[in-house]
Number of protein chains: 2
Amino acid sequence: MIVSTQRDTALTRNQSLVLEALADAKGPLTAYAILDQLRDRGMRAPPQVYRALDKLVADGMVHRLESINAFVVCQLPDCGSRETMIFAICSDCSQVTEIRDGGVGDRFQAVAEQAAFSVHKSIVELRGRCAHCRAS
Amino acid sequence: MIVSTQRDTALTRNQSLVLEALADAKGPLTAYAILDQLRDRGMRAPPQVYRALDKLVADGMVHRLESINAFVVCQLPDCGSRETMIFAICSDCSQVTEIRDGGVGDRFQAVAEQAAFSVHKSIVELRGRCAHCRAS
DNA sequence: AGGGACATTATGTTATAACATAACTTGTGA
DNA sequence: TCACAAGTTATGTTATAACATAATGTCCCT
């Protein structure tokens, strides 16, 4: 159930700044971390950041990680926001790997159907350790 | 009124109060909602609630719903906290259905292995509508 | 045994950190 | 002038740090 996604409108200045901050970051950032980074480029208050994030998330360019209240730039091409994605979040370094897996979405549908539940959005976040942190 | 647990020591007074509040609730409650409910029984401040919740969650008697910052009493028997559970959260009435599905956990393991990621805990929350809300 | 010293655990309390949005104002371009 | 993006102020909501006190257990000494 891929619902597409990328709106055609250009990004506003704030949206571009926020997206850039997330793209430059090594891992996920909280809204307030983004705000701090962008203060010297004119960002002054939380609503500005949250509004930009709303748009970027709606367009699927950024994902919100519910379990850590943070945001990460989308790592995969053609990532509609409604698709089932798996986020593997390293508990040590907090880096995130984004995984697309249709099978999981199908399984959710099946399981939900048993419970007479209709799924609109799936949140899947795996906490653990990435290869790099396990090695060190 | 001590409610016995899977494996652990009896609950303290605060833990019992919090568990009782969640068990009586129709759906998930936030920590502050619990606090409000229990003020007249001696609960005064957030840390008391959060500490009780920490213990109940650690013992698997209560689950935290990351995507709505709320807590719900465990609905299934023998629910070890480390097992992969799926929570179906109705966007209309906020009621939660807890689903155990080993297949999903296996799939996560397989998928994570591809990414050289070792999973310690899975968070799966489905947002959608329950049968009752769809019917009405 | 009984009592004191100490450790441990639970609780209470204050304050504040961290995350998010409501509500209103101002600017700007079609 | 209308609509909408952006700015601004204030506030709401969620969570924890830091410190103080109470309750309980346990060990040792006499």
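Below, read A as the first sequence line, B as the second, and so on, with proteins coming before strands; counting in each chain starts at 1. We use all heavy atoms of the structure for the numbers below, so side chains are in, but hydrogens, waters and symmetry mates are not. All values reported here derive from a predicted model rather than from experimental measurement.
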Rounded interatomic separation in angstrom, taking [atom1] from [X] and [atom2] from [N]:
X: B:M43; N: C:dA10; atom1: CE; atom2: C1'; answer: 12 Å
X: A:R41; N: D:dG7; atom1: CZ; atom2: C1'; answer: 18 Å
X: B:D36; N: D:dG12; atom1: CG; atom2: P; answer: 14 Å
X: B:L35; N: D:dG12; atom1: CG; atom2: P; answer: 17 Å
X: B:I34; N: D:dT13; atom1: CD1; atom2: P; answer: 16 Å
X: A:R13; N: D:dA5; atom1: CZ; atom2: C1'; answer: 14 Å
X: A:R44; N: D:dA10; atom1: CZ; atom2: P; answer: 14 Å
X: B:R39; N: C:dG12; atom1: CZ; atom2: P; answer: 13 Å

Query raised in the report: Which heavy atom in A:I34 sits nearest to a heavy atom in A:A21, and how many Å separate them?
Result: CG2-CB, 4.5 Å

Query - For B:F87, ring-ring contact (aromatic ring centres under 6.0 Å, His included) partners two or more places apart - result: B:H63

Query raised in the report: Where along nucleotides 15-30 of chain C does protein come under 4.0 Å, by heavy atom, of base (B) or sugar-phosphate alone (S), with - for untouched nucleotides?
Result: ----BBBBB-------

Report task. Could you tell me which residues satisfy side-chain contact (heavy atoms from CB on, under 4.5 Å) with A:A45, sequence neighbours excluded, listed by chain and number? Result -> A:P47, A:Q48

Requested in this report: Establish, with yes or no, whether the OP1 or OP2 oxygen of D:dG7 is under 4.0 angstrom from a side-chain nitrogen or oxygen of A:Q48.
Outcome: yes

Query raised in the report: Residues two or more places apart in sequence or in another chain: which of them pass salt bridge (Lys or Arg N to Asp or Glu O under 4.0 Å) with A:E125?
Result: none

Query raised in the report: Residues in salt bridge (Lys or Arg N to Asp or Glu O under 4.0 Å) with B:E113, at least two apart?
Result: none

Query raised in the report: With sequence neighbours left out, what residues match A:R13 under side chain to side chain donor-acceptor pair (under 3.5 Å)?
Result: none

